[in-house]
Amino acid sequence: MIQITLSAEEQSVLNAVKTEHLTSFEILKKVDSISMILSLYNIIDKLSTKGVLKSYMKQDKKYHYAA
């Protein structure tokens, strides 16, 4: 089994999207440790690269979910 190491911020974002699919702004409101949207986008990109976060477009909004 492959083990992936996540930072505290990455883990909090992943926990936010485990139960429901959320937009970036909704994630930002749920996660207290991240205050800027640009920082969140960087974390989302890292999680996507690690293969633990997926995204899709629906009605011109991008949703994220735990893979």
Side-chain angles (χ1 to χ4, degrees):
M1 184 174 170
I2 298 173
Q3 186 173 356
I4 299 172
T5 305
L6 301 175
S7 69
E9 290 88 6
E10 290 172 336
Q11 188 63 52
S12 62
V13 169
L14 196 57
N15 288 339
V17 297
K18 277 187 178 178
T19 57
E20 60 184 325
H21 298 194
L22 300 171
T23 64
S24 300
F25 185 69
E26 291 170 332
I27 295 170
L28 188 63
K29 290 191 325 187
K30 282 193 169 211
V31 177
D32 295 330
S33 61
I34 303 168
S35 60
M36 296 179 58
I37 194 75
L38 188 55
S39 299
L40 176 61
Y41 288 149
N42 288 332
I43 292 168
I44 288 172
D45 285 341
K46 288 178 187 177
L47 290 171
S48 294
T49 302
K50 292 179 181 182
V52 295
L53 188 78
K54 302 284 184 183
S55 303
Y56 64 92
M57 294 290 292
K58 182 179 178 183
Q59 297 177 348
D60 295 330
K61 291 184 180 180
K62 191 171 190 176
Y63 289 86
H64 310 281
Y65 63 98

Closest approach of [X] to [Y] (non-hydrogen atoms, all atoms of both residues):
| X | Y | value |
| --- | --- | --- |
| Leu22 | Ala16 | CD1-O, 3.3 Å |
| Ile44 | Ser24 | CD1-OG, 3.9 Å |
| Val31 | Ser12 | CG1-OG, 3.4 Å |

Residues that, via side-chain heavy atoms closer than 4.5 angstrom, fall in one hydrophobic cluster with Tyr56
Tyr63, Tyr65
Gap separating the CD1 atom of Ile27 from the CD1 atom of Ile37, nearest 0.5 angstrom
8.0 Å
Between the OH atom in Tyr41 and the CD1 atom in Ile34, the distance rounded to the nearest 0.5 Å is 12.0 Å
Lys62 meets the side chain to side chain contact (heavy atoms under 4.5 Å, CB included) criterion, sequence neighbours left out, with Ser55, Met57, His64
Among all residues two or more places apart in sequence or in another chain, which pass the side chain to side chain contact (heavy atoms under 4.5 Å, CB included) test with Lys29?
Phe25
Report yes or no: do Ile43 and Ile4 belong to one cluster of Ile/Leu/Val/Met/Phe/Trp/Tyr joined by side chain heavy-atom distances under 4.5 Å?
yes
Would you call Glu9-Lys46 a salt bridge at under 4.0 Å N-O?
no
Just so I know, are the side chains of Lys50 and Glu10 near enough to count as touching, which here means a heavy-atom distance under 4.5 Å?
yes
Can you confirm whether Glu26 sits close enough to Lys61 that some side-chain heavy atom of one is under 4.5 Å from a side-chain heavy atom of the other?
no
Which one of Val52, Leu6, Leu40 satisfies the side chain to side chain contact (heavy atoms under 4.5 Å, CB included) criterion with Val13?
Leu40
